[in-house]
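Remarks on the structure that follows.
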Number of protein chains: 2
Amino acid sequence: MATLGDVAARAGVSISAVSRVLSDAPDSRVSAATRERIVDAARELNYRPNFAGRALKSARTQVVGLVVPDITNALFTELMHGAEDEATERGYTVLLGRSDDVRPGGEVIARLIGEGRVDGMALQVGDAVQPAGLRDLLTAQAPIVLVNSSIPGHVGSVTLDDHHGALIATQHLLELGHERIAFANGLPRSFTAKRRRTGYKLALAGARVRVPKEYETRIGYTVDNGRTALHRLMALDPKPTGVVVANVNAAVGLLGEARKAGIRVPEDLSVVTVHDSWTAENTWPPLTAVKMQFYTVGRTAVRSVIRRIETGETSDEVVTDPPPELVIRESTASPRSA
Amino acid sequence: MATLGDVAARAGVSISAVSRVLSDAPDSRVSAATRERIVDAARELNYRPNFAGRALKSARTQVVGLVVPDITNALFTELMHGAEDEATERGYTVLLGRSDDVRPGGEVIARLIGEGRVDGMALQVGDAVQPAGLRDLLTAQAPIVLVNSSIPGHVGSVTLDDHHGALIATQHLLELGHERIAFANGLPRSFTAKRRRTGYKLALAGARVRVPKEYETRIGYTVDNGRTALHRLMALDPKPTGVVVANVNAAVGLLGEARKAGIRVPEDLSVVTVHDSWTAENTWPPLTAVKMQFYTVGRTAVRSVIRRIETGETSDEVVTDPPPELVIRESTASPRSA
DNA sequence: TATCGTTGCGCAAACGATTGAGCAGGTGGT
DNA sequence: ACCACCTGCTCAATCGTTTGCGCAACGATA
């Protein structure tokens, strides 16, 4: 690979001149003729600035880390796309990391930051992660922005409008005439689950509808968790006529299990999920869902990280624009008894 | 962040001594006592070698790029996991890149290699990519291994056993008694489509079954392509009683469209897909599928890249172990007329 | 007692890019 | 004619790490 020195030699100038021209420094003070010779030489040699050299000198990598608990998740890919688009526009690169590694996540983050591989990162901690190990990293003033998660005392976060999303989903069932509305939620310690819960409760309260507290399960967000939730809810008496599922993966599992159990959707049970994704429209019946703006969250998170890196400003943001959006498909209908 | 110099100062030795001890060079020739002081100092300062410094000096980043056309694809996440696991075991990191960017892919690759961000890469080119722009990169002796794709003249590749996979899928339908077996394939120029095609044909030939050539559609691998394929196939006379779909996304689309069209699966039409993924088991009916070893392909590809980097050896490999595996669910049955 | 090999380190030169300082030569003002 | 200033470059230090070489001190051998 060609270096600055090679280009300089070919153009008959010094390395500094080349560096200044190619990184177009504001006060390069180079004549038009020389500039042209340099640019030509660089093109002819197909020069590209060496990443390590630049990073070493400038102490900047122009890379932001994106660490999420589970890459497999269909929802995550949207977030990733948003993050990439924003990064690219601003001259950064995204380095993807898993936090579901052997180590509970802290080690990956410490490496990325500690070895100087990234300038900052967007971090989504899973529900299973103890915040304890991360505490020192965050207090170390590293440019870390939390995504859809929270660690007490940390400033710098970007989250979905979970509250609003769950509210819309619940209101949809209310408007269809349901009153026995269950809620298949995530684990109690989950940050997002807490927020979705308040949305659900607020919607019910707003309609002056009361349900037994067993109507809320707090099992988790996986496909299997959804299957379990279905069994728990349908064992209740009276059975719910509608269920708000806090996560699309769990909804897919719940739907599959309902079919196995001979429960017809939407005739016997209406199902609405928070989160839309391409999996939701390809289930049977296609799932009515509240589309959450993961793409925008990805963009916003990266923007926030970069702002933190470049100006030091921090902020806690909730993505409300565009707002969560109800996508009506075929898994919801009015209750039969109504 | 602590540097080698900081550790050296604290341990009262030279930088070289620290470097040799911490990177445990074979001939470090350092006394046990000194070694201990160095190790202690490093731990106390929480020393981590600076990535850029190391990369600059050694001209190695210990990073392999993984570039695929579409991150969103459910199949890809398996490949990614395999790649990550293999890389981690060997002390490498994976840098993920998209080739579905504005540029047709060549630019991303040229940057990653040209700027020295990666030591080598595993590259899956989409069916839409013209190999022309990549030709010079590959002849430039860059350590690039192709994944499930091919560019004429390039050595270094790792592929699925597509042939075998399609063969198994077709044989499954044959064994159920089907004879009018259609094939919803990818685009004609697709490398994998060609290979799956031969497997399909070989299975039919082996059973001495002949079908009209309209029984093969060559539309593509997306959900929508699958929908289109269903319409094309069911417009034929006689209709097929079973269909092998070359890709799970297309199969999901085909299944959804069949339901809309009132075609019952598997009563009216048996559907088997090449590729298993978690989406396949959550459709209705759950899809019978041939599980292809994407995880192993990811591992093998990264292993191959690293071998290429470290020893210069190249190879073209087909992942045959473990072999493709038929997972029978509920989308296939014996034909009604039989 | 010279010579030699070994042990236990330190010195200093790279790697490629950035950037403040410096230095000729020319131009303008007085 | 002298000084100041601007233009158009070059010099050289620096980032953190690796690594070939050198050099004391010391024990062993001749």
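Protein chains get the first letters and strands the later ones, always in sequence-line order, with residue 1 at the start of each. Owing to the predicted nature of the structure, the values given are computational and were not obtained by experimental measurement.
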Over how many whole Å does the gap from A:Asp24 atom CG to C:dT19 atom P extend? 12 Å
Readout for nucleotides 10-16 of chain C: B = base within 4.0 Å of protein heavy atom, S = sugar-phosphate only, - = neither; 5' to 3' it is BBB-BBB
What is the separation between atom CG on B:Leu22 and atom P on D:dT19, rounded to the nearest whole Å? 14 Å
Hits for side-chain contact (heavy atoms from CB on, under 4.5 Å) against A:Asp40, two or more places apart or cross-chain, chain-then-number order -> A:Glu36, A:Arg43, A:Glu44
Side chain proximity check, B:Gln124 to B:Leu79, heavy atoms < 4.5 angstrom: yes
Distance, rounded to the nearest Å, where A:Ile38 contributes CD1 and D:dG8 contributes C1': 11 Å
Which residues pass the side-chain contact (heavy atoms from CB on, under 4.5 Å) test with B:Ile309, not counting sequence neighbours? B:Arg60, B:Val64, B:Tyr92, B:Asp119, B:Pro143, B:Val305
Residues in salt bridge (charged side-chain N to carboxylate O under 4.0 Å, His left out) with B:Arg20, at least two apart? none
Using the ring pair (Phe, Tyr, Trp, His ring centres under 6.0 Å) criterion, which residues pair with B:Phe294? Sequence neighbours excluded. B:His275
Closest nucleotide of DNA chain C for A:Arg29 versus for B:Val30: which of these residues is on the 5' side? B:Val30
Sort out for me which residue in B:Val7, B:Val39, B:Val30 forms a side-chain contact (heavy atoms from CB on, under 4.5 Å) with B:Val18. B:Val7
So, is B:Ser31 near the phosphate of C:dC9, with a side-chain N or O under 4.0 Å from OP1 or OP2? yes
Going through the checks in order, is the salt bridge (Lys or Arg N to Asp or Glu O under 4.0 Å) test met by B:Glu89 and B:Arg299? CA-CA 10 Å; B:Glu89 281 175 20; B:Arg299 281 197 92 107; 2.5 Å; yes
Under 4.5 Å between any side-chain heavy atoms of A:Arg54 and B:Glu115, yes or no? no
Axis-to-axis angle for the helix from C:dT1-D:dA30 to C:dT30-D:dA1, ends of five pairs each, to 10°, equals 60°
